[in-house]
*Asks:* 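Handing you this structure, nothing more for now.
Quick note: numbers below take in every heavy atom, side chains included, and nothing from hydrogens, waters or symmetry partners.
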Amino acid sequence: MEAEQIEIAEFLGRYPPFSFLPEKTLNLVAASLEISYYRQGADVYKFGDEIHDLCFIRSGSIEIYRRNGVLYNRLSVGDVFGQLGLLMNNRIRLPSRALEDSLIYFVPETLFNELCDNYDEFAYFVEVDDKRKMNKEIQQKREENDLSSVKVSTLIARPPIMISSDASIRQAASVMTDESVSSLLIYDEIAPVEDFGDSFKHLVGILTDRDLRTRVVSQGVDLDSAVSSVMTQTPKTLDKDTFVFEAMLMMLRFNLHHLPIVENNVPIGVIAISDIVRYESKNSLYIVGLIHRQHSIEELVQVSKDVPSCFVRMVRQESSAQMVGSAMSVIGRSFKQRLLELAEEKLGPPPVPYCFLALGSMARDEQLLITDQDNALILSNDYNSRLHNEYFEALTEFVSEGLDKCGYPYCTGRIMATNPRWRKTISEWRECFADWIDVPNPDALLNSSVFFDLEGVWGKTEWADELYRFIVNRAKNTPKFLASLSRNALLRTPPLGFFKEFVMEKDGEHRRTINLKRRGTAPLVDLIRVHALAVGSMSRNSIDRLDDVIKSGILPDKRGQELKYALEYLAMVRIRHQVEDVEDGSEVDNNIEPDTLSDIERRNLKEAFNVLSNSQRFLKYRYPFS
């Protein structure tokens, strides 16, 4: 074998799909290919041309166009093209042109077909375009996870045990004992509107063993009182076709131990935490339960030490990025809730009602391991600074200090309820948001990117929903604000250069890395938020917002699904990196090193960034700034 062919084989072996081939086959490819040189601006293939070779770029760069002349892709050294034409009746569908002087290797069609037949990884690479490769990986993650494919109906062991709301507490306890159940559904008999037909049982409450202990025995309630006086009214329910992971997240979020399952709004069973244990290691459920049983900041700090290992275990069990983000957010909210309970035990009941807000990733159910504490306080309109400020100052200091000790450090920008600026009455918050939307200056836009993702975690949480509804309605009807927010969402661009190569940090401790949050997930979240506000979405989670945006029809065909896959993929890569940091004992960060990724991972990452880039261009078109 000639020295030139040995060098060609070695060079080919650096890049997929040839990197999947054994040395002997690489040598065969090197001996079989032809080489052509194209000057800058020369056409490699025009639309409709016949093609009988796979093309590999040895040097230079090639631009791929759609039939209408619009640029589709820009390829550089190590990239292949032409496979679409080979797989579609040997006709060129996407014309190609040399962007600069370029050297192209041509692999004959007969050899190309043999490689596809004999090497699965080679075939997968050339038969599936980048978007479909990325999408397939995301889909495989979802399919590999039992929790996201098993429905709650499979967990139901028996029909629900029910009793009328007219029954006494004594009767209810007797039924629970006889049936050996830890929960009892309470119903009202509803007669049909028509003169004929059967009445039906309308679910109005649930009674559990815990309720009997805390609401009856410990309070000395008369056992002959109506069960409706101590039941939990209008309990949370889930449809029988809901997936187990959604049930798990609801139970985590609302600290539920029993969850009625319904079909057409009729109860068909009840699942308990113990039922989910068969499908989940119970780590996140266990930690949330522990948090609510601690009696001091010091005890909560001990529980917080288990959060990183819980995070790692969820990822190792192939949980999706959405599931991990939701579970970590629930854990974070639970720390806040327990600290607020402890604060009120120490300081006494609040002088006026309030709502403690979670902001940012926690409110979106997208929190990972690296996070600071972004929070604020909504106060009753009856709040009087002179009379009440001392209490709420002490309460917020207690909570923020506790969060810092539990691994949620103080916000460097002081976006915390300890800052008097972010303790406002309901009316003051409405005026504040109205001003930010009506006068979208840089400070207003910066604040909007944080405060427009809010959720109530304690107190009068309905105030948070009312405030968010006000924000969405006003923003939706203010085109100038949407255009300004859109322009702000373009400030963080994906780390891709002119030739689709990664643009990495050039110096400092993070040299040759990419901050995947700052350059990936954060700008995606920003642009999704703009679209969501424009269509009046009341969702907080980015994936849920995207679903609302897709339903509205404002995005080009398939763009919404591409965004969804890109966000999930970038989050997955970020999560895996944080897991590696935890296991290595390193400081957890968002800075990935592309050089350490596999060829397929690098290509998927580039495609995700490309989706972000295209979506940012559409944002300029959709919300023009004048």
Side-chain angles (χ1 to χ4, degrees), residues 147 245 248-249 251-255 257 273 276-277 280-321 323-343 345-346 356 358-363 365-375 395-412 416-418 457-458 517 571-572 574-591:
L147 294 179
F245 92 88
M248 181 190 74
L249 293 177
M251 296 175 85
L252 280 169
R253 181 170 185 176
F254 295 104
N255 195 25
H257 294 261
I273 289 178
I276 296 181
V277 169
E280 210 268 341
S281 67
K282 82 175 182 180
N283 295 320
S284 48
L285 288 169
Y286 182 66
I287 286 178
V288 168
L290 274 181
I291 290 170
H292 288 283
R293 292 197 296 273
Q294 304 312 302
H295 298 94
S296 68
I297 289 179
E298 291 70 29
E299 291 180 2
L300 287 171
V301 170
Q302 292 303 310
V303 175
S304 71
K305 294 177 182 178
D306 289 332
V307 174
S309 59
C310 169
F311 177 84
V312 171
R313 284 193 291 267
M314 285 194 72
V315 177
R316 292 303 182 211
Q317 291 167 359
E318 305 294 344
S319 298
S320 69
M323 290 174 64
V324 174
S326 294
M328 290 299 107
S329 298
V330 167
I331 289 173
R333 281 194 291 267
S334 296
F335 277 113
K336 287 184 177 179
Q337 290 161 354
R338 186 58 184 142
L339 284 166
L340 284 157
E341 283 182 310
L342 293 174
E345 289 176 10
K346 177 182 179 181
F356 198 91
L359 307 172
S361 60
M362 184 182 291
D365 271 354
E366 296 167 13
Q367 192 168 75
L368 301 184
L369 280 186
I370 311 174
T371 183
D372 53 13
Q373 45 175 294
D374 291 337
N375 49 63
L395 180 135
T396 54
E397 286 288 350
F398 181 93
V399 173
S400 281
E401 180 184 351
L403 287 172
D404 181 63
K405 291 180 178 179
C406 290
Y408 301 87
Y410 295 112
C411 173
T412 55
M416 297 179 294
T418 51
V457 298
W458 186 257
K517 177 182 178 182
M572 281 170 55
R574 186 178 160 208
I575 286 169
R576 290 180 196 144
H577 170 74
Q578 292 188 1
V579 165
E580 291 172 0
D581 284 343
V582 171
E583 294 183 330
D584 292 342
S586 308
E587 182 179 353
V588 179
D589 61 30
N590 293 303
N591 298 288

*Asks:* What pair of heavy atoms forms the shortest contact from Val588 to Asp581, and how long is it?
*Replies:*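 Closest approach of Val588 to Asp581, heavy atoms only: CA-OD2, 3.6 Å.
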*Asks:* So, Gln373 side chain and Met416 main chain: donor-acceptor pair closer than 3.5 Å or not?
*Replies:* no
*Asks:* Donor-acceptor pair, distance only, cut-off 3.5 Å: does the side chain of Ser309 make one with the backbone of Asp306?
*Replies:* yes
*Asks:* State, yes or no, whether a side-chain contact exists between His292 and Gln337 at a heavy-atom distance under 4.5 Å.
*Replies:* yes
*Asks:* Identify the heavy atoms of Glu366 and Ser329 that sit nearest to each other, and give their distance.
*Replies:*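 For Glu366 versus Ser329, the nearest heavy atoms are N-OG, 3.2 Å.
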*Asks:* If you define the side chain from C-beta out and look only at heavy atoms, does anything of Lys346 sit under 4.5 Å from Leu342?
*Replies:* no
*Asks:* A side-chain contact here means heavy atoms from C-beta on lying under 4.5 Å apart; do His295 and Glu341 qualify?
*Replies:*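 SC-SC contact between His295 and Glu341 ruled out.
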*Asks:* So, the side chain of Gln294 versus the backbone of Val303: is there a donor-acceptor pair under 3.5 Å, distance only?
*Replies:*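 Checked: no pair found.
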*Asks:* Got a donor-acceptor contact below 3.5 angstrom from the His577 side chain to the Asn591 backbone?
*Replies:*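 Checking the backbone N and O of Asn591 against the side chain of His577, a donor-acceptor pair under 3.5 Å is found.
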*Asks:* For residues Leu290 and Glu299, determine if any side-chain heavy atom of one lies less than 4.5 Å from a side-chain heavy atom of the other.
*Replies:*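 Side-chain contact under 4.5 Å: no.
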*Asks:* Restricting to non-hydrogen atoms, name the atom on Pro308 and the atom on Leu369 that form the minimum distance, rounded to 0.1 Å.
*Replies:* CA-CD2, 4.1 Å
*Asks:* Are Lys517 and Asp589 close enough for a salt bridge, meaning some N to O gap below 4.0 Å?
*Replies:* no
*Asks:* I'd like to check Val315 versus Met572 (side-chain heavy atoms, cut-off strictly below 4.5 Å). Are they in contact?
*Replies:*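 SC-SC contact between Val315 and Met572 ruled out.
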*Asks:* Contact between Arg333 and Asp365 at the side-chain level, heavy atoms closer than 4.5 Å - yes or no?
*Replies:* yes
*Asks:* For a 4.5 angstrom cut-off between non-hydrogen side-chain atoms, does Phe356 reach Val399?
*Replies:* yes
*Asks:* Taking all atoms of both residues into account, what is the closest heavy-atom pair of Ile331 and Cys310, and its distance?
*Replies:*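 Heavy atoms only, the tightest pair is CD1-SG, 4.2 Å.
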*Asks:* Of all heavy-atom pairs between Leu300 and Phe335, which one has the smallest distance, and what is that distance?
*Replies:*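 Nearest pair, atom of Leu300 first, then Phe335: O-CE2, 3.6 Å.
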*Asks:* Would you be so kind as to tabulate the donor-acceptor pairs closer than 3.5 Å made by side chains of residues 401-408, with sequence neighbours excluded?
*Replies:*
| from | atom 1 | to | atom 2 | distance (Å) |
| --- | --- | --- | --- | --- |
| Glu401 | OE2 | Lys405 | NZ | 3.1 |

*Asks:* Taking atom CE of Met328 and atom CG of Leu368, what is their separation to the nearest 0.5 Å?
*Replies:* 8.5 Å
*Asks:* Are Trp458 and Lys336 packed together at the side-chain level, in the sense that at least one heavy-atom pair is separated by less than 4.5 angstrom?
*Replies:*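 No, their side chains stay 4.5 Å or more apart.
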